[in-house]
Amino acid sequence: ATALNEAMTSLVDSPCECLIIDDSRVAVILPESDRQQAVCLARTLRDAVPVWIGQRESLQVPVSLSLGIASVAMPNRATQPQDVIEAADRCLFAARRSGGQVVKSIDVL
């Protein structure tokens, strides 16, 4: 998880916060990005993180990255952080079920 967090932090150019969720999941909070920007960044990370980790860690298995994105275009009083987290988790689950190296995204209304 440390290598994954370091990779994310070093590769993300946008203002963000990286949070370690568990050994295989990191949340990247992008407060100033819309869904298209987040998906573009996710695709860049999907391609760059395995290479970055491979260059710094001696792993015996290939690294694959699946990404789930939930975005909120117009936050309002009804917008709950838990709803965004659950939507991102559903997208991550769908990305993993698709075989890995996949980005799935959704707008939370």
Side-chain angles (χ1 to χ4, degrees):
T2 303
L4 182 57
N5 190 42
E6 288 176 17
M8 295 292 198
T9 303
S10 71
L11 293 169
V12 176
D13 292 337
S14 306
C16 71
E17 184 172 344
C18 295
L19 307 167
I20 297 174
I21 305 300
D22 59 33
D23 285 345
S24 64
R25 295 187 310 161
V26 173
V28 179
I29 312 298
L30 301 164
E32 298 177 20
S33 297
D34 64 18
R35 183 177 176 186
Q36 282 187 325
Q37 292 168 317
V39 168
C40 182
L41 174 62
R43 288 181 177 143
T44 299
L45 291 172
R46 177 198 60 202
D47 297 336
V49 168
V51 173
W52 191 96
I53 290 175
Q55 291 173 344
R56 286 158 183 79
E57 303 286 323
S58 57
L59 301 176
Q60 302 303 318
V61 295
V63 175
S64 174
L65 202 64
S66 298
L67 300 106
I69 298 168
S71 60
V72 180
M74 297 295 289
N76 58 47
R77 289 183 182 181
T79 304
Q80 296 295 312
Q82 190 60 35
D83 295 338
V84 179
I85 293 167
E86 289 172 3
D89 272 341
R90 286 192 304 274
C91 286
L92 178 58
F93 178 79
R96 286 179 169 171
R97 293 272 315 210
S98 297
Q101 288 298 101
V102 174
V103 176
K104 298 283 186 178
S105 68
I106 190 169
D107 274 323
V108 178
L109 303 176

> Quick one: hydrophobic cluster around Ile85, which other residues, with the 4.5 Å side-chain cut-off, linked directly or via members?
Replying inline: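 For Ile85, no cluster forms, as it stays isolated from other hydrophobic side chains.
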>> Connecting only ILVMFWY residues whose side-chain heavy atoms lie within less than 4.5 Å of each other, what is the rest of Leu19's hydrophobic cluster?
In response: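 Direct or chained contacts put Leu19 with Ile29.
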> Do you reckon Ile53 sits in the same ILVMFWY cluster as Leu67, going by side-chain contacts under 4.5 Å, direct or chained?
Replying inline: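 Ile53 clusters together with Leu67.
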>> Check for me, please, whether Val26 and Leu92 land in the same ILVMFWY cluster - side-chain distances under 4.5 Å, paths through other members count.
In response: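 Val26 and Leu92: separate clusters.
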> Distance from Leu41 atom CG to Asp13 atom CG, nearest 0.5 Å?
Replying inline: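 With rounding to 0.5 Å, CG (Leu41) is 8.0 Å from CG (Asp13).
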> What pairs meet the salt bridge (charged side-chain N to carboxylate O under 4.0 Å, His left out) rule with one or both residues in residues 52-80, with sequence neighbours excluded?
Replying inline: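 Every pair satisfying salt bridge (charged side-chain N to carboxylate O under 4.0 Å, His left out) with a residue in residues 52-80: there are none.
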>> Quick test of your reading: applying salt bridge (charged side-chain N to carboxylate O under 4.0 Å, His left out), list the pairs with at least one residue in residues 85-98, sequence neighbours left out, ordered by first then second residue.
In response: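 Every salt bridge (charged side-chain N to carboxylate O under 4.0 Å, His left out) pair that includes a residue of residues 85-98, provided the two are not neighbours, is Arg25-Asp89.
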> Is it true that atom CD of Glu32 has more than 12 heavy atoms of other residues, nucleotides or ligands lying nearer than 6.0 Å?
Replying inline: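 Result for CD/Glu32: open.
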> What pairs with Asn76 under side-chain contact (heavy atoms from CB on, under 4.5 Å), at least two apart in sequence or on another chain?
Replying inline: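 Partners of Asn76 under the side-chain contact (heavy atoms from CB on, under 4.5 Å) test: Ala78, Thr79.
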> Residues two or more places apart in sequence or in another chain: which of them pass side-chain contact (heavy atoms from CB on, under 4.5 Å) with Cys40?
Replying inline: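 Result, side-chain contact (heavy atoms from CB on, under 4.5 Å) vs Cys40: none returned.
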Please set out all donor-acceptor pairs under 3.5 angstrom arising from side-chain atoms of residues 101-109, sequence neighbours excluded.
unit_1: Gln101; atom_1: OE1; unit_2: Leu65; atom_2: N; d: 2.6
unit_1: Ser105; atom_1: OG; unit_2: Arg35; atom_2: NE; d: 2.9
unit_1: Ser105; atom_1: OG; unit_2: Arg35; atom_2: NH2; d: 3.1
unit_1: Asp107; atom_1: OD1; unit_2: Ser71; atom_2: OG; d: 2.5
unit_1: Asp107; atom_1: OD2; unit_2: Arg35; atom_2: NH1; d: 3.4

Over all heavy atoms of both residues, which pair between [X] and [Y] is shortest? Give the atoms and the distance, please.
X	Y	answer
Ile69	Ala38	CD1-O, 3.6 Å
Pro31	Pro15	CD-O, 3.5 Å
Val63	Pro50	O-CB, 3.5 Å
Ser14	Leu30	CB-CD2, 4.2 Å

>> Filter on side-chain hydrogen bond (donor to acceptor under 3.5 Å, both in side chains), then keep only pairs touching residues 41-55, sequence neighbours left out; what's left?
In response: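 side-chain hydrogen bond (donor to acceptor under 3.5 Å, both in side chains) check on residues 41-55 returns Ser10-Trp52.
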